[in-house]
Amino acid sequence: MTEKLIVLGSTGSIGVQTLQVARRNNIRILALAAGRNVDVMEQQAREFLPKMVAMQNETAAQELKIRLADTDIKVYSGEQGVLETVHADADTVLNAIVGIAGLKATLETVRSGKILALANKESLVTGGELVKEALKQYGGTMLPVDSEHSAIFQSLQGVPEGALDRVLLTASGGPFFGKTKKELENVSVEQTLRHPNWSMGQKITVDSATLMNKGLEVIEAVHLFDLSPDRIDVVVQRESIIHSGVVLKDGGLMVQMGVPDMMLPIQYALTYPNRLPCSERLDLCAIGKLTFFEPDKETFPCLSICTKAITDGGLKPTAANGANEEAVALFLKGQIGFTAIARLVEGAVAQQSSGTAVSLESIFDADASARRYVRQHFSQEAV
């Protein structure tokens with residue numbers, strides 16, 4: 001069980017909930033890192049009194065340094081500053097940085113010998129092979145924090161080696177479940193951010209609405225559980241009560257169920273293999289029924305784009321992720337429509353060669369290329 005913790009992305013949704021878990025379980029916080037939210041970081045620093053904090057944004061770091069001048073907390077800045085926090089004297093790093101920006105921190109954590117609690121799915125989407133190689137080389141431990149992958153991991157506890165047949169990855173369907181392509185053409189940012197079950201950050205909420213998040217999770221599952229994409233079944237579970245599970249070779253189905261709340265998967269990663277009091281109890285009678293549907297891959301093509309990208313391999317998953325990050329940012333600014341996100345991602349993936357060797361340099365080159373593609377073509381999709 002984690003006793004001393006480093007939280008990367010501490011001011012975001014997952015980071016804030018992680019600190020709630022730490023507070024409840026008396027886990028000491030050794031370091032915090034975030035992007036630019038000085039107000040929240042100052043509050044966190046003053047409550048948990050870590051030895052060091054870091055802000056990716058240089059200006060934010062300077063302001064935070066002034067605010068914390070009356071403390072002994074060291075303040076670091078920039079990408080290197082965030083990586084510096086990984087080396088605080090802790091046993092676990094929870095990486096909740098959003099986007100490909102979390103990849104270097106994931107690799108740094110593995111190389112440091114600390115347990116990696118991974119909430120940054122983009123680390124595996126873009127650099128899965130590098131992360132797995134590093135885990136093998138340094139003998140590290142990686143525990144999933146995403147609710148779906150945590151559910152799969154929990155469902156696998158006690159399952160004999162070789163008994164797994166397939167993985168069941170559930171999706172809520174998002175706010176536009178049942179809509180047609182025509183109906184999606186003019187949906188607003190506000191409508192997109194109204195998720196029916198989960199309270200999350202803006203970017204991941206948009207990804208849930210496009211099913212891009214589920215596509216990224218397919219890629220993540222390929223790397224986490226060493227499966228081919230054709231052994232991962234995506235099922236829409238509208239109530240978000242079944243968080244995912246596994247299908248065994250004897251036909252048995254093992255799933256993890258719970259309320260739509262990230263506290264349990266966060267806590268399980270930090271207290272594994274212990275099971276401590278956490279979320280509210282699930283009342284099956286109050287729920288009444290659970291519903292299941294096939295995902296509509298034609299109306300929400302991002303899922304298929306990601307599945308094809310990981311099947312083709314190479315840097316295509318990196319291109320899908322980078323293009324999506326850029327396109328979602330444009331959508332949130334009101335510069336493109338909802339359906340344009342998938343078209344831009346598909347175009348960026350198509351122009352990326354699958355044969356290029358995967359290295360840290362080639363990953364960031366492919367990411368930059370995909371983002372350039374979106375910036376060069378989004379005017380054709382402008383609202």
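Computation of the quantities below employed the complete heavy-atom set of this structure, encompassing side-chain atoms and omitting hydrogens, waters and symmetry-equivalent molecules.
Ion pair Lys289/Glu239 not flagged as a salt bridge, since none of the NZ, NE, NH1 or NH2 atoms sits closer than 4.0 Å to an Asp/Glu carboxylate oxygen. A salt bridge links Asp146 with Lys121: the closest approach of a Lys/Arg side-chain nitrogen to an acidic carboxylate oxygen falls below 4.0 angstrom. With respect to the salt-bridge test (charged N to carboxylate O, under 4.0 angstrom), the residues Glu326 and Arg372 do not qualify. Residues Glu63 and Arg67 are paired through a salt bridge, judged by an N-O separation under 4.0 Å between the basic side chain and the carboxylate. Ion pairing between a basic and an acidic side chain is recognised when a charged N comes within 4.0 Å of a carboxylate O; Asp70 and Arg46 show such pairing. For the pair Glu325 and Arg371, the salt-bridge criterion is met [side-chain N within less than 4.0 Å of a carboxylate O]. Using a 4.0 Å cut-off between a side-chain N of Lys or Arg and a carboxylate O of Asp or Glu, Lys4 and Asp89 qualify as a salt bridge. Using a 4.0 Å cut-off between charged side-chain N and carboxylate O, Lys179 and Asp296 make no salt bridge. Salt-bridge annotation for Lys203 and Glu122: present, with a side-chain N of the basic residue lying under 4.0 Å from a carboxylate O of the acidic one.
One side chain, Glu217 or Asn213, offers a donor N or O that lies under 3.5 Å from an acceptor on the other. A donor-acceptor contact closer than 3.5 angstrom is absent between the side chains of Thr126 and Thr318. Using modelled atom types and a 3.5 Å distance limit, the side chains of Asp367 and Asn321 yield no donor-acceptor pair. In this structure, a donor-acceptor pair under 3.5 Å is present between the side chains of Arg24 and Gln267. If you check the side chains of Ser362 and Ser359, you find a donor sitting under 3.5 Å from an acceptor. No side-chain N or O of Thr11 forms a donor-acceptor pair with one of Asn37 less than 3.5 Å apart. At a cut-off of 3.5 Å, with distance as the only test, no side-chain donor of Glu42 or Gln44 sits close to an acceptor on the other residue. Using modelled atom types, one finds a donor on one side chain and an acceptor on the other under 3.5 Å when comparing Ser172 with His195. Remark: the Ser13 side chain and the Gln17 side chain contain an N/O donor-acceptor pair separated by less than 3.5 Å.
Pro301 and Ala342 make their closest contact through CG-CB, 3.6 Å (heavy atoms, listed as atom of the first residue, atom of the second, distance). When all heavy atoms of Gln237 and Ile242 are compared, the pair lying nearest together is OE1-N, 3.1 Å. The two atoms that bring Arg166 and Ile232 nearest to each other are NH2-N, 4.4 Å, heavy atoms only. Residue Thr85 comes nearest to Ile6 through the heavy atom pair O-CD1, 3.3 Å, listed as atom of the first residue, atom of the second, then distance. Closest approach of Ser147 to His243, counting heavy atoms only: O-CB, 4.1 Å. Taking each heavy atom of Phe338 and Leu184 in turn, the nearest pair found is CB-O, 3.9 Å.
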Can Asp226 and Lys132 be said to form a salt bridge (Lys or Arg N to Asp or Glu O under 4.0 Å), step by step?
-> CA-CA 10 Å; Asp226 290 321; Lys132 288 190 292 185; 3.7 Å; yes
Begin with the C-alpha distance, continue with both residues' side-chain angles, and end with the deciding distance and a verdict on side-chain contact (heavy atoms from CB on, under 4.5 Å) for Cys306 and Leu216.
-> CA-CA 6 Å; Cys306 287; Leu216 296 176; 4.3 Å; yes
Where do Ile100 and Ile363 land on the side-chain contact (heavy atoms from CB on, under 4.5 Å) test, with the steps shown first?
-> CA-CA 9 Å; Ile100 194 174; Ile363 287 170; 3.9 Å; yes
Start with the C-alpha distance between Leu248 and Leu253, add both sets of side-chain angles, then the distance that settles side-chain contact (heavy atoms from CB on, under 4.5 Å), and finish with yes or no.
-> CA-CA 6 Å; Leu248 305 180; Leu253 180 64; over 6 Å; no
For Lys136 and Glu133, what are the C-alpha separation, side-chain angles and deciding distance, and is it a salt bridge (Lys or Arg N to Asp or Glu O under 4.0 Å)?
-> CA-CA 5 Å; Lys136 198 173 295 184; Glu133 287 173 13; over 6 Å; no
Test Ile27 against Thr92 for side-chain contact (heavy atoms from CB on, under 4.5 Å), laying out the working first.
-> CA-CA 10 Å; Ile27 297 172; Thr92 303; over 6 Å; no
Show your working on salt bridge (Lys or Arg N to Asp or Glu O under 4.0 Å) between Arg343 and Glu346 and close with a plain yes or no.
-> CA-CA 5 Å; Arg343 289 192 291 272; Glu346 187 171 31; over 6 Å; no
Decide side chain to side chain donor-acceptor pair (under 3.5 Å) for Glu108 and His87; before the verdict, give the C-alpha distance in whole Å, the side-chain angles of both, and the deciding distance to 0.1 Å.
-> CA-CA 9 Å; Glu108 192 79 6; His87 296 284; 2.6 Å; yes
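Under a 3.5 Å cut-off, the side chain of Arg231 and the backbone N or O of Leu164 do form a donor-acceptor pair. Panel note: side chain Thr2, backbone Leu5; no donor-acceptor pair is recorded below 3.5 Å. Checked by atom type and distance alone, the side chain of Ser369 never pairs as donor or acceptor with a backbone atom of Asp365 at under 3.5 Å.
Two different hydrophobic clusters hold Leu143 and Leu264 under the rule that ILVMFWY side chains link at heavy-atom gaps under 4.5 Å. A continuous path of Ile, Leu, Val, Met, Phe, Trp and Tyr side chains, each step under 4.5 Å between heavy atoms, connects Ile310 with Val358, placing both in one hydrophobic cluster. Hydrophobic clustering keeps Val98 apart from Ile219 (ILVMFWY residues linked when any side-chain heavy atoms are closer than 4.5 Å, directly or through intermediates). When the side chains of ILVMFWY residues are joined at heavy-atom separations under 4.5 Å, either directly or via intervening members, Val86 and Tyr138 end up in two distinct hydrophobic clusters. In this structure, Leu224 is a member of the same hydrophobic cluster as Leu130, with clusters built from ILVMFWY side-chain heavy atoms closer than 4.5 Å.
In this structure, Gln157 places its CD atom where more than 12 heavy-atom neighbours from other residues, nucleotides or ligands lie under 6.0 Å away. Atom CD of Gln351 is surrounded by more than 12 heavy atoms from other residues, nucleotides or ligands within 6.0 Å. Within 6.0 Å of CG in Asp283 there are more than 12 heavy atoms belonging to other residues, nucleotides or ligands.
Taking the six-membered ring for Trp and the full ring otherwise, Phe300 and Phe176 have centroids separated by 6.0 Å or more. A ring-centre distance under 6.0 Å is not found for His149 and Phe153.
Side-chain contact check for Leu168 versus Ser244: every heavy-atom pair is 4.5 Å or farther apart. At least one side-chain heavy atom of Leu68 sits less than 4.5 Å from a side-chain heavy atom of Val53. Residues Ile29 and Val7 are in side-chain contact: their nearest non-hydrogen atoms beyond the backbone lie under 4.5 Å apart. At a threshold of 4.5 Å between non-hydrogen side-chain atoms, the residues Leu270 and Thr18 count as touching. Residues Met142 and Leu124 have side chains in contact (heavy-atom distance under 4.5 Å, counting atoms from C-beta outward). Side-chain atoms of Pro295 and Lys214, non-hydrogen and from C-beta on, never get closer than 4.5 Å to each other. Put simply, the side chain of Ile341 does not reach to within 4.5 Å of the side chain of Met212, judged on heavy atoms. Residues Thr307 and Ile305 are not in side-chain contact: their nearest non-hydrogen atoms beyond the backbone lie 4.5 Å or more apart.
Note that Arg275 lies in the cation-pi zone of Tyr268, set by a 6.0 Å cut-off to the ring centre and a 45° limit from the axis.
To the nearest 0.5 angstrom, Asn120 atom CG is 4.5 Å from Asn95 atom CG.
Applying the side-chain hydrogen bond (donor to acceptor under 3.5 Å, both in side chains) test to every pair with at least one member in residues 51-62, sequence neighbours left out, gives these pairs: Glu58-Ser77.
Here the rule is side-chain contact (heavy atoms from CB on, under 4.5 Å) with Phe331, and of Thr192, Thr210, Leu344 only Thr192 fits it.
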